[in-house]
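Take a look at the structure set out below.
In the text below, chain A, chain B and the rest are named by the order of the sequence lines, each starting its count at 1.
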Amino acid sequence: MNVRRIALMAVCIAIVAVLVAVVPVPIPATGGYTHPGAVAEIFVSMAFGPIVGMVAAGIGAAIADLVLGYGSFAPLTLVAHGALGFLAGYLGWKKGWGGMIAGWIVGGLALVAVYFLGEATVYGFGFAGAAGELPINLFQVGLGVLGLLLFQLVKKAYPQIEQLGEEATFKEV
Amino acid sequence: MQVGIDLFVLRKSWLHEIDPRVKLFFVAVSIIILLVFKNIFFMLTALVLLHLLHWSAKIPRDRILFVWKTLMPVAILICVLWVVFYPAGDPLIQIWMVKITLVSLAQGAVLGLRIMTMAFVVFAWLYSTDQPSIVRSLVKLKMPFEWGLILALALRYIPTFQGMYAVISEAQQARALNISEGKGFGRVRTLMPIFVAMVISALRASDQLARALEARAFGAHGVERTYLRDISFRPLDWVFTFAIFATALLLLYLNFRYGFGRQPISLF
């Protein structure tokens with residue numbers, strides 16, 4: 001793996017972990033709180049592709065779970081957010097708006113499905129209990145659409161983003 | 001919100017002294033056992049033993065309470081959901097359409113306690129192992145060094161970006177950005193100027209980091225890595241590994257052969 005990709009992955013994991021663990025977002029309907037982690041995850045997937053997206057989203061969110069005290073959910077989070085990162089990047093990376101929106105929707109639904117099945121079976125919520133978590137998870141991935149906006153804004157302000165993670169090449173002139 | 005990223009508690013205890021690979025093995029085996037067993041007395045015993053483990057490792061009480069406070073609402077929710085949606089056996093009491101039975105109560109308690117117990121297993125590892133040792137142990141377990149470095153760098157940068165977020169947030173508020181405006185989508189949209197500045201700063205940091213690694217000839221061919229602090233398996237670590245393995249094997253044998261711990265209330 002080239003050095004630039006190593007540095008990029010480490011930084012992307014940290015960005016996701018910070019947005020999941022540190023930034024609270026009030027939920028209008030319940031008065032509770034969620035996080036804008038999906039914004040960072042969609043941004044990373046659209047900017048750097050499925051592999052960086054999967055690693056950053058999965059490991060970043062799992063680290064956040066561990067430091068917030070939800071240690072027992074970290075393995076499920078790793079898989080669910082990793083699936084979102086991979087699918088969003090696979091469908092949306094270097095594609096037009098159609099591909100990016102498809103990536104966000106398919107990746108988001110994959111996250112919701114993995115959480116639903118994991119909580120219902122492995123964690124013992126039962127299907128009724130896991131269904132109760134669906135609206136919160138859907139809201140969380142819904143916020144991810146703003147990751148597309150973040151990507152456009154960052155690309156405009158920092159065009160070098162296109163070359164990050166690529167092997168440095170030098171041309172004699 | 002300020003979050004402590006390093007969960008490690010510096011103490012001199014037997015648990016801190018054990019090789020991190022043994023603790024990782026303990027975590028993996030314990031989670032398998034906890035997923036297989038479905039008995040309330042087994043879960044309670046496991047929870048008590050794990051508290052003794054934390055106590056013997058001199059983990060402060062507030063760290064243990066942190067786990068309880070965080071996961072208690074989830075555990076109670078699971079218990080209530082099972083009682084409400086999955087009644088089994090004769091009802092103890094019936095409130096309108098909700099039948100509360102001893103079996104569903106025990107099943108709900110088992111599943112709620114399982115979440116707590118699994119968390120204490122994971123935190124026994126994280127509270128007693130510092131971040132470099134965690135990464136070192138994963139590399140020793142044949143994880144490629146590049147991935148170990150990615151993890152170590154990510155853990156190193158989380159507090160930096162946390163601080164960066166706070167600084168940018170204050171700077172944008174000084175420019176009249178009201179970050180307490182809106183809820184849900186509106187709130188995230190409000191925070192977007194902070195996210196843009198933070199992400200660009202972070203990406204610049206990644207570029208500098210890559211140059212620093214290149215300048216130190218990271219990944220140079222034909223060079224063998226050396227370590228300032230290495231970890232090694234001592235005879236006592238082998239004893240612990242075999243003890244964990246033997247206990248797990250015995251418990252699984254009793255479970256599969258004699259049904260030990262399969263029922264929510266009775267042990268066999």
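Both the backbone and the side chain of B:Leu203 come within contact range of chain A, with heavy atoms under 4.5 Å apart. Within the 4.5 angstrom heavy-atom criterion, only side-chain atoms of A:Ala17, from C-beta onward, approach chain B. In this structure, chain A has a heavy atom under 4.5 Å from the side chain of B:Met198, while its backbone stays farther away. Interface residue B:Arg189: backbone and side-chain heavy atoms are both found under 4.5 Å from chain A. With a 4.5 Å cut-off on non-hydrogen atoms, B:Phe195 touches chain A through its backbone and its side chain both. Only the side chain of B:Val74 comes within less than 4.5 Å of a heavy atom in chain A; its backbone stays farther off. The contact between A:Val145 and chain B is made entirely by side chain atoms (from C-beta outward), counting heavy-atom distances below 4.5 Å.
Between B:Ala210 and A:Ala7, the shortest heavy-atom contact is N-CB, 3.8 Å. A:Val67 and B:Phe66 get closest at one heavy-atom pair: O-CZ, 3.6 Å. Contact between B:Leu153 and A:Ala10 at its shortest, heavy atoms only, is CB-CB, 3.5 Å. Nearest heavy atoms, B:Thr70 versus A:Leu68: CG2-O, 3.3 Å.
Scanning residues 51-62 of chain A against chain B with a 4.5 Å non-hydrogen threshold yields A:Val55, A:Ile59, sorted by number. The contact list for residues 149-159 of chain A toward chain B, using heavy atoms and a distance under 4.5 Å, reads A:Leu149, A:Leu150, A:Leu153, A:Val154, A:Ala157, A:Tyr158 by residue number. Residues of residues 36-45 of chain A lying within less than 4.5 angstrom of chain B, judged on heavy atoms, are A:Pro36, A:Val39, A:Phe43 in numerical order. Among the residues in residues 80-88 of chain A, none has a non-hydrogen atom closer than 4.5 angstrom to a non-hydrogen atom of chain B.
Atom CE of B:Met72 sits in a sparse spot, with 12 or fewer heavy atoms from other residues, nucleotides or ligands closer than 6.0 Å. Other residues, nucleotides and ligands contribute over 12 non-hydrogen atoms within 6.0 Å of the CZ atom of B:Phe37. The environment of A:Tyr90 atom OH is sparse: at most 12 non-hydrogen atoms of other residues, nucleotides or ligands sit within 6.0 angstrom. Enclosure of atom NZ in A:Lys95 by more than 12 non-hydrogen atoms of other residues, nucleotides or ligands within 6.0 angstrom is indicated.
By number of non-hydrogen pairs under 4.5 angstrom with chain A, the leading residue of B:Ala212, B:Gly184, B:Ala119 is B:Gly184. Annotation: maximal heavy-atom pairing with chain A below 4.5 Å, among B:Ile115, B:Leu81, B:Leu111, occurs at B:Ile115. Chain A forms the most heavy-atom pairs under 4.5 Å with one residue out of B:Pro144, B:Ala154, B:Cys79, and that residue is B:Ala154. If you tally non-hydrogen atom pairs under 4.5 Å between each of B:Val122, B:Thr160, B:Ile150 and chain A, the highest count goes to B:Ile150.
Between B:Met118 and A:Phe73, the closest side-chain pair of non-hydrogen atoms is not below 4.5 Å. In this structure, B:Leu209 and A:Leu8 have side chains that are not in contact, with every pair of non-hydrogen atoms separated by 4.5 Å or more. Contact check for B:Asp207 versus A:Gln160: no side-chain heavy atoms found under the 4.5 Å cut-off. Residues A:Val11 and B:Phe161 are in side-chain contact: their nearest non-hydrogen atoms beyond the backbone lie under 4.5 Å apart.
One finds the CD1 atom of B:Ile31 at 8.0 Å from the OG atom of A:Ser72 (value rounded to the nearest 0.5 Å).
One finds a salt bridge joining A:Arg4 and B:Glu214 here, because a Lys/Arg side-chain nitrogen approaches an Asp/Glu carboxylate oxygen to under 4.0 Å.
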- Task: I would like to know whether B:Phe185 and A:Val25 meet side chain to side chain contact (heavy atoms under 4.5 Å, CB included); could you show each step before the answer?
- Result: CA-CA 9 Å; B:Phe185 282 86; A:Val25 174; over 6 Å; no
